[in-house]
> 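Please see the structure below; I have some questions.
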Amino acid sequence: MKRAIVLLSGGVDSTTTLAIAKAEGFDVYALSFDYGQKHVIELDSARANSLKFDVKDFLVISFNLRDIGGSALTSDIQVPKDRLHLSVPSDSVSLESKTDDIPVTYVPARNTIFLSFSLAWAESIGASDIFIGANAVDYSGYPDCRPEYIKSFEDMANLATKASVNGTIRFKINAPLINLTKAEIIKKAVELNVDLSETWSCYAPENEKYPCRRCDSCLLRAKGFREADIKDPLLSKVKH
């Protein structure tokens, strides 16, 4: 069977992407990261879903982006709360103070770092496909979630590796959710039997186990479930 690396954070998007890769017939090698993030609890969800979807291997790579900082997820900067107006059309999200600024939850070069590790593992095991749950519709404005970024990384991957230069592998970066709304992603997850109670989105968990329900990621998740007309099973599971 063909092999694929799937970047798996444990969130709705990455877990749905994992389910898509499995449905497309790939032998999946799931890759997660412990990078000093405040919401390291997400790795519990990633681990649980790697088991549920019977991946060939589940690898967690550890490094400390707190040494670099520059993000509310990897420093003492506070995670923003209550920023999103969610009574808006399903194809858009507006911020409380609408600006062109990238939010402080952006982690410098995070997807580039993650994709670089996935590219190394893919070349090592002879996998031509890498899957990432990047989304350019209902997201917080990160520049490394855009289609042009994904395409640029794919071009770079096919210039910078021995396997591609030798012609043995042509790497493809798959971002199957890139143009979907959060509601559409949630519906796709249900269609593919993703256990959404085993997904984690919150950037600022309370007592390291409860979603705050107020950060951008929690609010985008809530918006998606509401527009999909589906109850979020995670909230029942961790009700407090």
Side-chain angles (χ1 to χ4, degrees), residues 5-18 29-51 55 58-84 101-121 130-135 138-146 149 153 175 177 182 185 196-222 224 232 234-235 237-238:
I5 308 296
V6 176
L7 290 174
L8 182 64
S9 71
V12 172
D13 295 353
S14 71
T15 308
T16 304
T17 300
L18 168 62
Y29 293 72
L31 180 58
S32 298
F33 300 94
D34 181 353
Y35 59 95
Q37 67 269 45
K38 290 177 179 176
H39 54 304
V40 70
I41 186 175
E42 67 181 357
L43 295 181
D44 293 339
S45 295
R47 188 170 289 106
N49 282 301
S50 71
L51 292 173
V55 304
F58 173 60
L59 176 63
V60 178
I61 294 178
S62 299
F63 51 91
N64 191 6
L65 287 183
R66 286 181 176 269
D67 290 341
I68 294 174
S71 169
L73 303 189
T74 56
S75 72
D76 293 331
I77 300 170
Q78 292 296 308
V79 172
K81 303 284 182 66
D82 304 318
R83 290 195 330 130
L84 299 180
D101 293 337
I102 296 168
V104 295
T105 50
Y106 165 75
V107 178
R110 181 174 61 178
N111 278 351
T112 302
I113 294 167
F114 289 179
L115 282 169
S116 295
F117 275 109
S118 69
L119 177 61
W121 198 16
I130 296 169
F131 283 77
I132 182 172
N135 176 258
D138 279 343
Y139 77 123
S140 295
Y142 302 149
D144 53 2
C145 288
R146 297 175 297 167
Y149 166 76
F153 192 95
L177 310 182
K182 187 67 75 175
I185 293 168
L196 290 166
S197 73
E198 286 284 6
T199 60
W200 186 267
S201 302
C202 182
Y203 287 153
E206 298 175 2
N207 300 319
E208 299 185 354
K209 60 180 179 179
Y210 302 120
C212 73
R213 309 189 194 190
R214 296 172 55 205
C215 68
D216 288 4
S217 190
C218 279
L219 293 174
L220 286 169
R221 179 180 177 123
D232 185 348
L234 176 64
L235 298 184
K237 182 178 178 181
V238 300

> Decide yes or no for Ser14 and Val6: does some side-chain heavy atom of the first lie under 4.5 Å from some side-chain heavy atom of the second?
no
> Salt bridge (charged side-chain N to carboxylate O under 4.0 Å, His left out) with Asp232: which residues, sequence neighbours excluded?
Arg221
> Please find the pair of heavy atoms, one from Ser45 and one from Glu198, that lie closest to each other, and give the distance.
CB-O, 3.2 Å
> Sequence neighbours excluded, which residues qualify as ring pair (Phe, Tyr, Trp, His ring centres under 6.0 Å) partners of Phe114?
Phe33, Tyr35
> Run the salt bridge (charged side-chain N to carboxylate O under 4.0 Å, His left out) test against Asp44 and tell me which residues pass, sequence neighbours left out.
Arg47
> Side-chain contact, heavy-atom cut-off 4.5 Å: Leu7 with Phe117?
no
> Identify, with sequence neighbours excluded, every residue that meets side chain to side chain donor-acceptor pair (under 3.5 Å) alongside Ser116.
none
> Under the rule for side chain to side chain donor-acceptor pair (under 3.5 Å), what residues qualify as partners of Tyr106, not counting sequence neighbours?
none
> Indicate yes or no: at least one non-hydrogen side-chain atom of Leu234 is less than 4.5 angstrom from one of Trp200.
yes
> Could you work out, with salt bridge (charged side-chain N to carboxylate O under 4.0 Å, His left out) as the rule, every residue matching Arg214, not counting sequence neighbours?
Asp82
> Using side-chain heavy atoms (C-beta onward) and a distance below 4.5 Å, is Val79 in contact with His39?
no
> Are any non-hydrogen side-chain atoms of Phe153 and Ile132 less than 4.5 angstrom apart?
no
> Would the distance check show the side chain of Thr74 and the main-chain N or O of Gly36 forming a donor-acceptor pair, the cut-off being under 3.5 Å?
no
> Using a 4.5 Å cut-off on heavy atoms from C-beta on, say whether the side chain of Ile113 contacts that of Leu65.
yes
